[in-house]
Amino acid sequence: MLDIRYLRKNADEARTRLADRGVEAETLDRLLALDQRRRETIAEVETLKAQRNEVSDRIAFAKRQKEDASQAIAEMQTVGAKIKELDAQRTTLEQGVEGIAAHLPNLAAKEVPVGPDESANVEQRRWQPDEASYSKRPQVLQGAPEWLKPHFEIGENLGILDFERGAKVSGARFLYYIGDGARLERAVYNFMLDEHRKEGYTEMITPIVVNNTAMFGTGQYPKFVDDAYRVEGLEQTYIPTAEVPLTNYFSGETIPAEDLPIKFTALSPSFRKEAGAAGRDTRGLIRLHQFNKVEMVKFTKPEQSYDELEKMTANAENILQKLEIPYHVIMLSTGDMGFSAAKTYDVEVWMPAQNVYREISSVSNTEDFQARRMHITYRDEQDKLQLVHTLNGSGLAVGRTVAAILENYQNEDGSVTIPTVLRPYMGGQEVLAATPHF
RNA sequence: GGAGCUAUGGCACAAUCUGGUACUGCAGCGGACUCGAAAUCCGUCGAGCCGUCGUAUGGCGGUGUGCGGGUUCAAAUCCCGCUAGCUCCUCCA
């Protein structure tokens, strides 16, 4: 949620910055017009309420003196009716303001490139493992050899991913991991959680069903209800990301300033309807209705949030560096950023079979946008309440990481070498080879 | 799933039956006493949110007794709905 006072006092600037996020100028004008009428109505009704309070006190006093107060009571009946009417108007106006404000995306930080979509994103840096370790594997950055296969074929050939039975038992975009596949997934997220724990993140296991208030708090609702798996008949939703329960952990609370920054990490399944993505990435682990993700969330003071954004991005990159898989980092443009974000870095992992980088992590500073929706505050040096800044980032999407491992570590004979850092998590196993599971 | 009880400031509680400025203690803050502290005494003490005025510490008004409605001139109090916690029963990894 944006600060209505900021929008009011800086309407011209806000119009421009909202336009960068794809919001029409007319929307802000409607919002401000409603806000103007809301404030006028409040002024009017509060005058009457002050009058009523005063007369009610006099009535109470008269009654104690056993005096007649019926004339004052009769007067207040009229005033009461008027108050009721104005309060109803006020509620309507407030809902109108809220209805628009709740749909406004966050404003972009100054350094974010302005543009309509991903074409305006700006690459920040590329990374690839050094020669020594990389030379043992296919030269995926120097032209793919003939035998290079996409991860889903590798997985199916090895018998460790079963998309057909996933579709049979659940539906499209669901799958089974089997045997070494399941074990690899587990190794990957255990490795990720251990790395983040070393960086000072507190490990959490969260509810994976949350209420509507929580979904509103992080910005999924009301605008993106259609992409959510809702619990039939209940006001609850299967989380699309652990960002929701992690960030809402402190909703409505004042965090002691000395505890900031606070860092959480959690593994959770994530559920997405993928409305509007029909026909895209229909094969493989890239776009599923249910996938595992290790998430990072931070609560910070405003002045430290951008430093913490860089650190969180580095934490995501660290995973791929230790896995020795190439990636690059891009800064998203105003047109490509998520609803709540003020600034976002995407980490995209190299997928040699498709010859592209694919998003594997998205790290955002939402500044006070979510904190305002959730009412998360701290007390500054002057003992005044201030909104915290919240950040979130994938660290990383687990399924996509498995996909990247399969493609980047595949061998000509169809086997897959297990990255060195994962071997301790797999009982020392070094290679995934086709073996019967049952 | 069934039944009962509970929800009031940072904490502990009173007022609820019988509607009329939300009591008191602890903690906090300011002061007195003291070389200083403790004890004692005096004063002060509703966080947040909304509106408005002011350059500003802030003033004024509204709201605020778990949440949402209703009745009333007036609701902590009466009525309806909900949520959470506790106890008992039932069930369960």
Side-chain angles (χ1 to χ4, degrees), chain A residues 1-10 31-102 205-217 221-222 231-237 245 248-259 269 299 368-388:
Chain A
M1 200 86 90
L2 299 174
D3 182 1
I4 185 83
R5 290 190 194 85
Y6 165 80
L7 298 177
R8 207 145 67 199
K9 288 177 188 153
N10 307 278
L31 174 69
L32 292 178
L34 280 173
D35 178 57
Q36 177 65 28
R37 286 175 55 204
R38 176 184 71 92
R39 282 150 57 215
E40 286 164 6
T41 309
I42 286 173
E44 200 179 340
V45 74
E46 287 192 349
T47 307
L48 291 178
K49 282 184 177 177
Q51 185 193 346
R52 182 180 68 183
N53 288 343
E54 191 192 322
V55 176
S56 283
D57 284 348
R58 286 217 308 272
I59 292 171
F61 182 78
K63 292 249 177 187
R64 273 196 295 272
Q65 306 297 313
K66 306 281 188 225
E67 288 166 11
D68 177 57
S70 53
Q71 192 181 333
I73 288 174
E75 273 172 42
M76 284 305 103
Q77 279 173 347
T78 321
V79 173
K82 185 69 181 165
I83 287 174
K84 203 168 186 176
E85 186 190 322
L86 289 171
D87 262 339
Q89 275 179 36
R90 170 191 185 160
T91 303
T92 307
L93 289 165
E94 279 175 347
Q95 284 167 352
V97 169
E98 182 84 358
I100 296 173
I205 295 177
T206 74
I208 62 174
V209 174
V210 298
N211 61 32
N212 292 346
T213 309
M215 289 291 278
F216 177 85
Y221 287 178
V231 181
E232 182 72 33
L234 293 175
E235 298 285 284
Q236 292 175 324
T237 303
N248 276 281
Y249 183 79
F250 285 120
S251 64
E253 298 190 29
T254 299
I255 304 174
E258 62 269 25
D259 292 347
F299 305 85
D368 61 13
F369 186 84
Q370 294 179 326
R372 184 171 293 106
R373 288 166 98 93
M374 285 182 285
H375 310 292
I376 304 180
T377 53
Y378 75 101
R379 284 191 190 280
D380 64 16
E381 292 75 9
Q382 284 79 45
D383 209 38
K384 285 187 67 175
L385 279 182
Q386 304 286 354
L387 294 166
V388 300

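Each chain gets a letter, A, B and so on, in the order the sequences are listed, and its residues count up from 1. Nothing here was measured: the structure is a model prediction, and the numbers come from that model.
B/rC78 and B/rU6: their P atoms are spaced 11 Å apart (whole Å). When the P atom is compared between B/rA74 and B/rG64, the two are found 13 Å apart, to the nearest whole Å. To the nearest whole angstrom, the two C1' atoms, one in B/rA7 and one in B/rA14, are 15 Å apart. With C1' as the reference atom, B/rC17 and B/rC79 are 15 Å apart, rounded to whole Å. Using atom P as the reference point in both B/rU57 and B/rC50, the two lie 16 Å apart (nearest Å). When the C1' atom is compared between B/rU34 and B/rC26, the two are found 24 Å apart, to the nearest whole Å. Nucleotides B/rG68 and B/rU87, compared at atom C1', are 27 Å apart to the nearest Å. On the P atoms, B/rA15 is 16 Å away from B/rU21, given to the nearest whole Å.
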Heavy-atom contacts, protein to nucleotides 48-64 of chain B, under 4.0 Å, summarised as B (base), S (sugar-phosphate only) or - (none) per nt, yield S-BSS--------BSS-

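Checked against side chain to side chain donor-acceptor pair (under 3.5 Å), A/Arg8 has the following partners two or more places apart in sequence or in another chain: A/Asp35. Listed by chain and number, the residues in a side chain to side chain donor-acceptor pair (under 3.5 Å) with A/Thr237 are A/Tyr221 (sequence neighbours excluded). For A/Arg58, the salt bridge (charged side-chain N to carboxylate O under 4.0 Å, His left out) partners are A/Glu54, not counting sequence neighbours. Judged as a salt bridge (charged side-chain N to carboxylate O under 4.0 Å, His left out), and not counting sequence neighbours, the contacts of A/Asp87 are A/Lys49. In this structure, A/Glu235 has no salt bridge (charged side-chain N to carboxylate O under 4.0 Å, His left out) partners at least two apart in sequence or on a different chain. Applying the side chain to side chain donor-acceptor pair (under 3.5 Å) test to A/Glu94 and every residue at least two apart in sequence or in another chain returns A/Arg90. Partners of A/Glu40 according to the side chain to side chain donor-acceptor pair (under 3.5 Å) rule, which considers only residues two or more places apart in sequence or in another chain, are A/Gln36. Scanning for ring pair (Phe, Tyr, Trp, His ring centres under 6.0 Å) contacts around A/Tyr249 gives A/Phe264, with sequence neighbours left out.
Identified under the side-chain hydrogen bond (donor to acceptor under 3.5 Å, both in side chains) test for residues 74-84 of chain A, with sequence neighbours left out: none.
Counting heavy atoms of neighbouring residues, nucleotides and ligands inside a 6.0 Å radius, atom CG of A/Leu234 exceeds 12 of them.
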Can you give the dot-bracket line for RNA chain B, where a pair is Watson-Crick or G-U wobble with both atom distances under 3.5 Å, crossing pairs use [ ], and | marks a partner on another strand?
(((((((..(((.......[...))).(((((.......)))))...((((((....))))))..(((((..]....))))))))))))....

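At least one side-chain heavy atom of A/Leu34 sits less than 4.5 Å from a side-chain heavy atom of A/Ile100.
For the segment residues 73-86 of chain A, the set of residues with a heavy atom within less than 4.0 Å of an atom of RNA chain B comprises A/Ile73, A/Met76, A/Gln77, A/Lys84, in numerical order.
Rounded to an integer number of Å, the gap from A/Gln236 CD to B/rU83 P is 11 Å.
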